[in-house]
Amino acid sequence: MQIKATLNQLFSRALEHLEIPSASVSVVEAGKPEFGDYQFNGAMALAKQLGKAPRQIAQEIVEALPAHPMIAKTEIAGPGFVNIHLDAGWLATALQSAVADARLGVGRKEEPIRAVVDYSSPNMAKEMHVGHLRSTIIGDSLANLLSFLGDDVIRQNHIGDWGTQFGMLIAYLEELGEGAEGSLHDLENFYKAAKKRFDEDAAFADKSREYVVKLQGGDVRCLELWDDFIDKSLGHCEEVYRKLHVNLSREHVRAESSYNEELAQIVEALKEKGLLVESRGAKVVFVEGDENPLIVQKSDGGYLYATTDLAAIRFRAQELGAKRISYVVDARQAGHFKQVFTVARMAGFVDEEVRLEHVSFGMMLDKNGRPFKTRDGGTVKLIDLLDEAVERAKGAITQREAYSDEELEKIAEIVGIGAVKYADLSIHRESNYIFDWDRMLSLEGNTSLYQQYAYARIRSILRKYGREPEGELRLEDELQRRMALKLLQLEDVLHAAAREAMPHYITGYLYDLSTLFMKFYETHPILRDDVSEALRQSRLLLAQATAKTLSLALELLGIKVLERL
RNA sequence: GCGCCAGUAGCUCAAUUGGAUAGAGCAUCAGACUUCGGAUCUGAGGGCUAGGGGUUCGACUCCUCUCUGGCGCACCA
């Protein structure tokens, strides 16, 4: 149910009827309950243009507003606000049909587009570390969301599998000979060991450089070793994705190296467009307003990640036919993407109508506001962080004695991983965020555990009742009216979150919803004997709608729910 | 030096993109249990939205300057 869009349409019609050019019709949720459910604030802005008093304009708009069962009444308040009160009967009916629907009444986009979401993008030379966490979590939820709303989503894991350090790694792999695969188990140490050899042994360093050249020249033996290495490294990433409940697998991998063949063409295309300039021996493209150009080919003839990014962007726009390409990459890359996007458009790799966006996010900081590191200052391995989340979650489960070890493990995994993801998704992605175990595993406040607890409470009631609720949904009071409205706003919230790639809109919504439910739960008994059958059915339906909404929205965020905690 | 981003309650964060009296949680204080799961709920205090100036009916939001912090600035990705 798209409430806002419906209201906007009605107001547009009213403005058309009054022959007012409907410039910026925008109905927003009312700030306070006494102002109704929604408000239209356009009258004040139109006052000057029309030379009339804003309240007068508001009056005319209200009179021209087409009748709709959704609207109970409108009233003009203050300087010219139009307050809109939705009809309780309509809310009840609409919610009743939404609960019965598998998608909770959320439609699919009428004009779906193909959308590419580029996220995670780990470097194959090392193990995944906390620096990959936010991209992976935010990107996955964005992909889930767009897909649910009907877009044709292509996930792209642009893994870093090419570059000079691979010569070193392959040289080391060969040096260890057969049976070296075991040492790949700990990629981090493998990298360190190779680096040590590289720094300490000149002959090994030379051999490494030689291997880079051989690899890039297509030497079969080198490619075999490289393939093997990437395979192992990717296997490690898959383990992380599995633990993180992230929907990325090999089919989504589109590695940097896969664009190798096209890099020369990219430079050639830029040249043909007359964009290419030689500067200090390198081939570059200057972008207006930027002192430094985008370098696409080094003075030694080598290509850079800007070149690869251009090749990828062209592939996505032209081969995949994407109309929206989202890069979920940290904010430090803002300058880079701005240049790449501009050059891609100048070169005609992407049309005007294609939306290119850098879904940027801030850094992950520790409790003291410093970059997140281990005690000795090293990078934190992602796999260790996730394991710790699960361990800590066990401690947060108060009734852990009631479960077998196996059950506890399963619950702790869902709680722990959910906490890590929710903590990330619930803050404005552009800001840096403080990673704090105690807060994210708390049951109080805007946390995953609070939502999971609300869900488990409802499931407990429904389990006890044992049947499917049936009957009429009736909104008895203001609290239930607000719950119904909140539940029906799901689609509006999902659309806003998808449009702006802002998952925290969803978590904020869920928190509102579960706090409303908790209040309802405290004051409205459901299964108690003194509750009439009609009321019981109605309250069961409301609780069920809440549970389904929590479960659906959390699933889009990549977070699971539990029947019991 | 140039550029980008941020600064909101003691702390951690919101504020539907210019709307009415800036909202939550933690912490503090005060309440509610013969519990449909109290791991909850109710209430109170706490703000010159870093600071100045401007734009307009109306500014946390837009423009401008200052201060503070973070990050990026040619051949790494």
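Numbered from 1 within each chain, the chains take letters A, B, ... in sequence-line order.
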Student: For the C1' atoms, the ones on B:G43 and on B:C4, what distance do you get once it is rounded to whole angstrom?
Tutor: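 After rounding to an integer number of Å, I get 45 Å for this pair.
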Student: Scan nucleotides 28-38 of chain B nucleotide by nucleotide, 5' to 3', and note B when protein non-hydrogen atoms come under 4.0 Å of the base, S if they reach only the sugar-phosphate, - if neither.
Tutor: --------BBS
Student: List the protein contact pattern of nucleotides 6-19 of chain B with one symbol per nucleotide (5' to 3'): B for base contact, S for sugar-phosphate-only contact, - for none; contact means a heavy-atom distance under 4.0 Å.
Tutor: ------SSSSBB-B
Student: Counting only N and O atoms by type, is there a donor-acceptor contact under 3.5 Å from the side chain of A:Ser442 to the main-chain atoms of A:Asp438?
Tutor: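 Such a contact is absent between A:Ser442 side chain and A:Asp438 backbone.
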Student: Which part of the nucleic acid, if any, lies within reach of A:Ala334 when heavy atoms closer than 4.0 Å are counted: base, sugar-phosphate only, or nothing?
Tutor: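 Touches nothing.
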Student: Atom CD of A:Gln333 and atom C1' of B:C5: how far apart are they, to the nearest Å?
Tutor: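 Rounded to whole Å, this separation is 15 Å.
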Student: What is the distance from atom CD1 of A:Ile76 to atom CD of A:Gln56, rounded to the nearest 0.5 Å?
Tutor: 9.0 Å
Student: Assign B:U8 to syn or anti; the rule is syn for a glycosidic angle within 90° of 0 and anti otherwise.
Tutor: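 Chi for B:U8 falls in the anti range.
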Student: Is there a Watson-Crick or G-U wobble partner for B:U28 with both distances under 3.5 Å, and which nucleotide is it?
Tutor: B:A44
Student: B:C13 pairs with which nucleotide, Watson-Crick or G-U wobble, both distances below 3.5 Å?
Tutor: B:G23
Student: Watson-Crick or G-U wobble partner for B:C33, using a 3.5 Å limit on both distances?
Tutor: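 Across any shown strand, B:C33 pairs with none.
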Student: Please report, to 0.1 Å, the donor-acceptor pairs under 3.5 Å made by any side chain of residues 277-291 of chain A, with sequence neighbours excluded.
Tutor:
none

Student: With sequence neighbours excluded, tell me which residues meet side-chain contact (heavy atoms from CB on, under 4.5 Å) with A:Ser460.
Tutor: A:Arg463
Student: Using Watson-Crick or G-U wobble geometry with both distances under 3.5 Å, which nucleotide pairs with B:A6?
Tutor: B:U68
Student: Return the value, rounded to whole Å, for the distance between atom CD of A:Gln165 and atom C1' of B:C76.
Tutor: 9 Å
Student: Starting from P on B:U40, measure out to CG on A:Leu479 and report it in whole angstrom.
Tutor: 18 Å
Student: Could you list the residues that satisfy side-chain contact (heavy atoms from CB on, under 4.5 Å) with A:Ser426, not counting sequence neighbours?
Tutor: A:Tyr422, A:Asn446, A:Thr507
Student: Among all residues two or more places apart in sequence or in another chain, which pass the side-chain contact (heavy atoms from CB on, under 4.5 Å) test with A:Tyr305?
Tutor: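 Scan of A:Tyr305 (side-chain contact (heavy atoms from CB on, under 4.5 Å), adjacent residues dropped) gives A:Asp309, A:Gln333, A:His336.
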Student: Taking the P atom of each, how far is B:U42 from B:U17, in whole Å?
Tutor: 28 Å
Student: Take the protein atom CZ of A:Arg332 and the nucleotide atom P of B:C4, then report the distance between them rounded to whole Å.
Tutor: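 Computing the A:Arg332:CZ to B:C4:P distance gives 19 Å.
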Student: Considering only the C1' atoms, how many Å lie between B:G38 and B:G70, rounded to the nearest integer?
Tutor: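 Going atom to atom, C1' in each nucleotide, I get 43 Å.
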Student: Just to be sure I understand the rule, does A:Asp530 reach a base, reach only the sugar-phosphate, or reach nothing, if contact means heavy atoms closer than 4.0 Å?
Tutor: nothing
Student: Suppose we screen for salt bridge (charged side-chain N to carboxylate O under 4.0 Å, His left out). Which residues come up paired with A:Asp512, at least two apart in sequence or across chains?
Tutor: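 If we apply the salt bridge (charged side-chain N to carboxylate O under 4.0 Å, His left out) test to A:Asp512, skipping adjacent residues, the hits are A:Lys486.
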Student: Could you check A:Tyr305 against A:Ser514 and say which one's nearest nucleotide on RNA chain B is further toward the 5' end?
Tutor: A:Ser514
Student: For the pair made of CZ in A:Phe35 and P in B:U21, what is the distance, rounded to whole Å?
Tutor: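 After rounding, the reported distance stands at 8 Å.
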Student: Rounded to whole angstrom units, what separation is found between the CD atom of A:Glu444 and the C1' atom of B:C26?
Tutor: 8 Å
Student: Is any side-chain nitrogen or oxygen of A:Lys32 closer than 4.0 Å to OP1 or OP2 of B:G23?
Tutor: yes
Student: For the side chain of A:Asp309 and the base of B:A77, is some donor closer than 3.5 Å to an acceptor across the two?
Tutor: no
Student: Report the residues that fulfil side-chain contact (heavy atoms from CB on, under 4.5 Å) with A:His495, sequence neighbours left out, ordered by chain and then residue number.
Tutor: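 In terms of side-chain contact (heavy atoms from CB on, under 4.5 Å), with neighbours along the sequence ignored, A:His495 is linked to A:Gln2, A:Lys109, A:Leu149, A:Glu491.
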Student: Which atom pairs link the protein and nucleotides 42-49 of chain B when you take only N or O atoms and keep those under 3.5 Å?
Tutor:
| from | atom 1 | to | atom 2 | distance (Å) |
| --- | --- | --- | --- | --- |
| B:U42 | OP1 | A:Lys519 | NZ | 2.6 |

Student: Flag the pair A:Asp37 and A:Arg482 as a salt bridge only when some basic side-chain nitrogen lies within less than 4.0 angstrom of an acidic carboxylate oxygen.
Tutor: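 A:Arg482 and A:Asp37: not salt-bridged.
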Student: Provide the distance between the two P atoms, one in B:G31 and one in B:C71, to the nearest whole Å.
Tutor: 48 Å
Student: State whether A:Tyr403 and A:Arg564 meet the cation-pi test: NZ (Lys) or CZ (Arg) under 6.0 Å from the six-membered ring centroid, and within 45° of the perpendicular axis.
Tutor: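 No, cation not above the ring by the 6.0 Å, 45° rule.
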Student: Write down the distance separating the C1' atoms in B:G47 and B:G10, rounded off to the nearest Å.
Tutor: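 Per the computed distance, 12 Å lies between those C1' atoms.
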Student: Side chain of A:Ala77 only, heavy atoms from C-beta on: which candidate in B:G25, B:A20, B:C41 is closest?
Tutor: B:A20
Student: What distance, rounded to whole Å, do you find between the two C1' atoms, one in B:G51 and one in B:C67?
Tutor: 7 Å
Student: Counting side-chain heavy atoms from C-beta on, which of B:A77, B:A20, B:A74 comes nearest to A:Phe286?
Tutor: B:A74
Student: Select base, sugar-phosphate, or nothing to describe what A:Val284 touches, counting heavy atoms under 4.0 Å on all strands.
Tutor: base
Student: Compile the donor-acceptor pairs under 3.5 Å between side chains in residues 538-546 of chain A and protein atoms, sequence neighbours left out, one pair per line.
Tutor:
| from | atom 1 | to | atom 2 | distance (Å) |
| --- | --- | --- | --- | --- |
| A:Ser538 | OG | A:Arg474 | N | 2.8 |
| A:Ser538 | OG | A:Arg474 | O | 2.9 |
| A:Arg539 | NE | A:Glu476 | OE2 | 2.9 |
| A:Arg539 | NH1 | A:Pro525 | O | 2.6 |
| A:Arg539 | NH2 | A:Glu476 | OE1 | 2.8 |
| A:Gln544 | NE2 | A:Glu468 | OE2 | 3.0 |
| A:Thr546 | OG1 | A:Leu542 | O | 2.9 |

Student: In whole angstrom, give the distance that lies between atom CE of A:Met518 and atom P of B:U40.
Tutor: 7 Å
Student: Rounding to a whole Å, what distance do you find between A:Arg55:CZ and B:A20:P?
Tutor: 17 Å
Student: Considering residues at least two apart in sequence or located in another chain, which fulfil the ring-ring contact (aromatic ring centres under 6.0 Å, His included) criterion with A:His358?
Tutor: A:Phe337
Student: What's the separation between atom CZ in A:Phe40 and atom CG in A:Leu15, rounded to the nearest 0.5 Å?
Tutor: 5.0 Å
Student: List for me each residue that meets salt bridge (charged side-chain N to carboxylate O under 4.0 Å, His left out) alongside A:Arg467, sequence neighbours excluded, and say none if there are none.
Tutor: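 Listed in chain order: nothing, the list is empty.
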Student: On a whole-Å scale, what distance lies between the C1' atoms belonging to B:C13 and B:A6?
Tutor: 14 Å
